Amino acid sequence: MKRTISTDDAPAAVGAYSQATMNGDVLITAGQLPLTTDGELLDDESVGRQTEQCLDNVAAILESEGLSLDDVLKTTVYLDDIDDFDAFNESYGEYFDEDPPARSAVGAGAVPKGAAVEIEAIATTE
Ligand SMILES: C=C(N)C(=O)O
């Protein structure tokens, strides 16, 4: 049965979606923007810093269910500008330096709220 995840340790949704949903062993996060828990959008920061904030938010959601980034099977990354790929990739690699999850990264052309990057993850408790 589906259940929704909500934690104050990650930014609130900016629309009609849950921070994450879970069914059985599988947790799926919503796309995380570079928002702080106070709702501040780090759109003036570098793409590397924005990537860190997105992944900090993913990690906080996972941790609210006793999981960590090590439990991530797959991420999907939306870049406003695919030319930011190398800078994004450098920061991303600091979070997943061993046995990284599968990943898709696309140049989306635009990301909500004018962010440079949005990251979602699928994780499992298994
Ligand atoms: C930021 C989002 N995840 C959304 O608007 O769906």
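We count ligands from 1, going down the list as the structure has it; atoms in each ligand are counted the same way. Treat the numbers as computed from the prediction; the structure is a model and nothing was measured.
Polar contact check, Gly31 against ligand 1: a nitrogen or oxygen pair lies under 3.5 Å apart.
Using a non-hydrogen distance threshold of 4.0 Å, Glu118 registers as a contact of ligand 1.
Near Leu33, meaning under 4.0 Å from any of its heavy atoms, are these atoms of ligand 1: 1 (C).
Contact check for Val77 versus Ser104: no side-chain heavy atoms found under the 4.5 Å cut-off.
Identified under the side chain to side chain donor-acceptor pair (under 3.5 Å) test for residues 12-32, with sequence neighbours left out: Asp25-Thr125.
Stacking of Arg103 on the aromatic ring of Tyr92 is recorded, both the 6.0 Å distance cut-off and the 45° axial limit being met.
The other residues sharing a hydrophobic cluster with Val26 are Ile28, Ile122, where clustering joins ILVMFWY side chains under 4.5 Å apart.
For atom 1 (C) of ligand 1, the closest heavy atom belonging to the protein is Tyr17 OH, 3.1 Å.
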